[in-house]
**Q** 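Got a structure here, written out as structure tokens. Questions coming.
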Amino acid sequence: MSWEPVYRLVKKIPRGRVATYGDLARKLRLPGGARAVGYAMAACPSGRGIPWHRVVGAGGRLRIPEPHGSLQRRLLETEGVRVEFGRIDMDRFKWKLKARRAKSKPGKSHPER
DNA sequence: CTAGTGACCCAAC
DNA sequence: GGTTGGGCCACTA
């Protein structure tokens, strides 16, 4: 499976901003959800300019284990993202997407199977 | 096919 | 604030 769409979206994350796995998954409508994004990022190929460090967990929490965790934190701070106690101020650094909440869908003409 | 794991998310205790 | 458990799906053995 090609995670190209995921990488493409990640590459679109502006400097000094971060996005969450869940949001990216919703944006891309990935069947695997946040988990798929996590897997995609884990398999993230290097040398493609993919700012993987701008992808964080829900609530702006860093879910990446060592040693990449430290690297991610350093890179984020370098770009101007404040990382404190493994957390990020989503209020100021979250990348504002047009993602709509997958909430209720009234008048659905395609019910579950 | 089943079972285990994972850079996830969320509710509940 | 922390730990558990369920859900969700992709990938590997």
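Numbers restart at 1 for each chain; the letters A, B, ... are given by sequence-line order, proteins then strands.
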**Q** Say we look at dG7(C) and dA7(B): how far apart would their P atoms be, to the nearest angstrom?
**A**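 Rounded to whole Å, the distance is 22 Å.
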
**Q** State plainly whether the residues E66(A) and R73(A) are in salt-bridge range, i.e. N to O under 4.0 Å.
**A** no

**Q** Which whole-number value in Å describes the distance from R26(A) CZ to dC9(C) P?
**A**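 After rounding, the reported distance stands at 15 Å.
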
**Q** Side chain of Y21(A), heavy atoms from C-beta onward: which of dC10(B), dA7(B), dA10(C) has the nearest atom to it?
**A** dA7(B)

**Q** For L30(A) and dC9(B), what is the distance between atoms CG and P respectively, to the nearest whole Å?
**A**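 For the pair L30(A) CG and dC9(B) P, the rounded distance is 13 Å.
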
**Q** Report the distance from atom CG of D23(A) to atom C1' of dC9(B), rounded to the nearest whole Å.
**A**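 Answer to the nearest Å: 12 Å.
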
**Q** Take a 6.0 Å sphere around NZ of K12(A) and say whether it holds more than 12 heavy atoms from other residues, nucleotides or ligands.
**A** no

**Q** Charged N to carboxylate O under 4.0 angstrom, R17(A) versus E79(A)?
**A** no

**Q** Which pairs count as side-chain hydrogen bond (donor to acceptor under 3.5 Å, both in side chains) when at least one residue sits in residues 33-46 of chain A, sequence neighbours excluded?
**A** none

**Q** Using the rule that Ile, Leu, Val, Met, Phe, Trp and Tyr join whenever any side-chain heavy atoms are under 4.5 Å apart, tell me whether L71(A) and I88(A) fall into a single cluster.
**A**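 No, separate clusters.
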
**Q** Output the rounded distance in Å from CD1 (I88(A)) to P (dA7(B)).
**A**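 After rounding, the gap between these two atoms is 18 Å.
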
**Q** Let me know the distance between CH2 of W3(A) and P of dC8(B), rounded to the nearest Å.
**A** 13 Å

**Q** Using a cut-off of strictly less than 4.0 Å between a heavy atom of the residue and any atom of DNA chain C, enumerate the qualifying residues of residues 32-48 of chain A by number.
**A** G32(A), R35(A), Y39(A)

**Q** Check the distance between dG1(C)'s P and R87(A)'s CZ and give it to me in whole angstrom.
**A** 7 Å

**Q** Between L62(A) and Q72(A), what is the shortest heavy-atom contact and its length?
**A**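 So the minimum-distance heavy-atom pair works out to CD2-OE1, 3.5 Å.
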
**Q** Rounded to whole Å, how long is the line connecting atom CG of L24(A) with atom C1' of dC8(B)?
**A**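 About 12 Å, once rounded to whole Å.
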
**Q** Please state how far atom CH2 in W52(A) lies from atom P in dC8(B), giving the value in whole angstrom units.
**A**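 My rounded result for the distance is 13 Å.
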
